[in-house]
Amino acid sequence: MIDAHEKLDFRVQQWIFKQGWDRLREIQCLAIDPILTGCTDVLISASTAAGKTEAFFLPAISAIAEDKRGVGILYISPLKALINDQDRRLESLADILDLQVTPWHGDSAQGRKSKLKRNPSGIVLITPESLESLFIRDSGWVKSAFQNLKHIVIDEFHAFIGTERGHHLLSLLHRLEHLLGRLKNPIPRTALSATLGELETVPLSLRPNKSLPCKIIKQTQSSASLKMQVKGYIETNTAVGDAVRAEHLVCNDLYELCRGGNHLVFANSRSRTEILAAVLADMCESNAVPNEFFPHHGSLSKEMRETLEARLQQERLPTTAICTMTLELGIDIGKVNSVVQVTAPHSIASLRQRMGRSGRRGGASILRMLITENELTEQSSIVDQLRLELVQSLAMVRLLVANKWYEPADSSLLHFSTLLHQILALTAQWGGIRADQIYSLLCKDGPFQHVTVAHFKCLLSHMGNTELITQLGSGELVLGHAGEKITNHYSFYAVFKTPEEFRIVSGSKTLGTLPVDSLILEGQHIVFAGRRWVVELVDVEKKVILVNRAKGGQPPKFGGAGMAIHDVVRQEMFKILCEGDYKIKVGEHRIEFADETAQSLFQEAAKFFQTANLAKTNFIQQGNRTVILTWAGDKIVNTIVAVLISKGFAAGAFAGIIEIEKADAQDVIDALKSFQTDGTISADQLAKSIPEKAIDKFDEYLPENLLLAGYAARAFDVLSTKLKIKELLTDFVS
DNA sequence: GACCTGCTGCGGTATG
């Protein structure tokens, strides 16, 4: 192990020495052999700033140092900003070895791209979309430039797993191996990530056809400790005016906790981000101190975001960013003093990623969660009485800290939208291609292995009928009229969908953009970029909203869908309510991590849970309404709701609790019993009643039956639901 | 009671 670094290229060793490192980290030593040999894929799982990128590049660069014909390393990133960071970080190492590094994305310098075109060599840093555009526009160059490719590395791999974009990436990598004649002798892939749940399943997500084995390298000694606290707040119902709004208590605490240091506050929605930033900036103003609270989210312009990122990184002025997931991935902002999560996190995986942003110079990570619950009244719902937002937050903390568990990706998705995209892309790339070639490349040996021959045939014939593709007399498929039009536009390269957005302009300055699904009226007051504005003009043609500064205002309504809580999280919530205790057991001790308000809110919830005997009660009759407590994830909850609606009930779900209006519990139970024994109700059947099934970018071009099947696989799980209902009915005592 | 990511080629004008 000590001598591992001696296998690296001499100049790489010199570079390590120059950095003043006394030795390589464990993961860096472990990565040397597998990457130098290049006979396996490698998965490197280690926390942020543990040196994952170097763990790959030190041996990979050593492996290509002697042979500079063509591009040797292909680095793929989900973000342009990461490519720019990586370009900067690789500069000194690449200089020593006289290696060319080329960042290649929509905004990178044309000069460096054309240099690579003339003289392909060294390292290319690229996005999946830019790689797709190279395939379609210049696959001949790709074939010659990458002929000598030794390694592919994917950064922030968790951001791809289970998504449309991830499937696109896998398809691109497979097409690359095919183009280079490397299907039998695959190019080794390395995946880097800090947040991977169920590690042993990840290699299949990296190479679904298993044509190479995968070596897993995991950081063992995690020296970093975690300090964490859940703080509770109560939203009072007293008359407007003298009410102590929980929001102000939250902001008072944020002001006290964050002022004077560097912090990240994750607020979960762009509108809440704007509200908190505005209130905190006002507090600075009324206290006559310089403002150090700024918003950061996807609707803000690149310039505003980059200014804030630079301010955080420089560490000259104390800075707190109130942000959405834009600051979750590894953009270079250095480490911050602490991370605050306001309202419950959406998933443990993202909580873990956020937590990793704090902890300076080997110090502890500090994470606080600020959770607000409503004051209880006679009319309070079960959700309020059970304090579900707080209980969910506590359960997530336990799963993160004690179980080290994160949500795995949903592997049941069919990705038909991306399959259609890839059929068009392949046809555009080759000019003409046979149906059986497409099938074997994408489905039989490629990443769409779940697609049946029948589905594939149906898709192709529908694409023919809609003029996306045309079959020549020779049997070859070429692009049809509609297919030409779609693939010729630059918007084709990305497989994910973006809603139309309006630009928000004040004077001559663009402040950012807003999705059009929010209704904005002239004269309306909005909060944007941390300030208040009044809308002067909405230009529908130019998609511009003109605004002026204003004194007061309501926040813009941002659109969006619901979220999916995993089975494991709901089971953990059930468990802590049953036990009446959420504290984490460490040896003989039980660690308290909630403040007094959060403790008493939890006690209220546990008392209600016990009094109503909810450990053993799944069906509750409340007047003429029936309530079902399943403690299952949202896929099962949604399936039960759809089943009940299909049987004529007025059912809905809130925070995982199913409510059926004007229904007798016994009738609901009978309906569920009949569903259980009825073999004819399938997920497809349930999906038929959904009015809008087109969700992904190319869904609108799919034949009805595939659209149905794709939606059904995403939203419903009939088998697990039947099992869950069996369990619920066994416990039922009428 | 949601969030985020990415993409081209060309024509116009300004600047050195």
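We name chains A, B, ... by the order of the sequence lines, and we start the count at 1 in each one.
Computed from coordinates, the M325(A) CE to dT5(B) P distance equals 8 Å when rounded to whole Å. For the pair H168(A) NE2 and dC4(B) C1', the interatomic distance rounds to 17 Å; values are reported in whole Å. For N84(A) and dT5(B), the CG to P distance is 14 Å, given to the nearest whole Å. To the nearest angstrom, P of dC3(B) lies 17 Å from CZ of F496(A). If you take NZ of K697(A) and C1' of dG6(B), they are 8 Å apart, rounded to a whole angstrom. Computed from coordinates, the W104(A) CH2 to dT8(B) C1' distance equals 12 Å when rounded to whole Å. Taking atom CG on D107(A) and atom C1' on dT5(B), their separation rounds to 13 Å, with Å as the unit. As a whole-Å value, the separation of E274(A) CD from dA2(B) C1' is 15 Å.
Aromatic pair H421(A)/F492(A): centroids less than 6.0 angstrom apart.
Two residues, G656(A) and K80(A), neighbour DNA chain B, and the one matched to the more 5' nucleotide by heavy-atom proximity is G656(A).
Residue contacts for S130(A): at a heavy-atom cut-off of 4.0 Å it reaches the sugar-phosphate backbone alone, with no base atom in range.
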Listing time: all N or O pairs from protein to nucleotides 9-11 of chain B that are below 3.5 Å?
unit_1 : atom_1 : unit_2  : atom_2 : d
dG9(B) : OP1    : R137(A) : NE     : 3.2
dG9(B) : OP1    : R137(A) : NH1    : 2.1
dG9(B) : OP2    : R137(A) : NH1    : 3.2

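Take F448(A) and apply the ring-ring contact (aromatic ring centres under 6.0 Å, His included) test, not counting sequence neighbours, and it matches H167(A). The ring-ring contact (aromatic ring centres under 6.0 Å, His included) search around F416(A) returns H455(A), not counting sequence neighbours. Among residues two or more places apart in sequence or in another chain, the ring-ring contact (aromatic ring centres under 6.0 Å, His included) test is passed with H174(A) by none. Residues passing the ring-ring contact (aromatic ring centres under 6.0 Å, His included) test with W104(A): none are found, sequence neighbours excluded.
Each of dC4(B), dG6(B), dG1(B) was ranked by its minimum atom distance to the side chain of T324(A); first place goes to dC4(B). Ranking dC4(B), dG1(B), dG6(B) by closeness to the H297(A) side chain, first place goes to dC4(B). Counting only heavy atoms from C-beta on, S133(A) has its side chain closest to dC7(B) among dC7(B), dC4(B), dG1(B). Considering only side-chain atoms of R165(A), the nucleotide from dT5(B), dC7(B), dG1(B) that sits closest is dT5(B).
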Legend entry - Residues I657(A), L388(A); criterion side chain to side chain contact (heavy atoms under 4.5 Å, CB included); working and verdict: CA-CA 10 Å; I657(A) 292 187; L388(A) 286 185; 3.6 Å; yes
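An OP1 or OP2 oxygen of dC3(B) is reached within less than 4.0 angstrom by no side-chain nitrogen or oxygen of R354(A). Taking side-chain N and O atoms only, S269(A) has no distance below 4.0 Å to OP1 or OP2 of dA2(B).
The two residues E132(A) and A425(A) make their nearest non-hydrogen contact at OE2-CB, 3.5 Å.
No donor-acceptor pair closer than 3.5 Å links the side chain of D696(A) to the backbone N or O of F698(A). Side-chain atoms of K335(A) come within 3.5 Å of backbone N or O of G356(A) as a donor-acceptor pair.
Taking the ring axis of F135(A) as reference, the NZ or CZ atom of R175(A) stays within 45° of it and closer than 6.0 Å to the ring centre.
Taking every heavy atom of residues 486-495 of chain A and every atom of DNA chain B, pairs under 4.0 Å involve Y490(A), S491(A), Y493(A), A494(A), by number.
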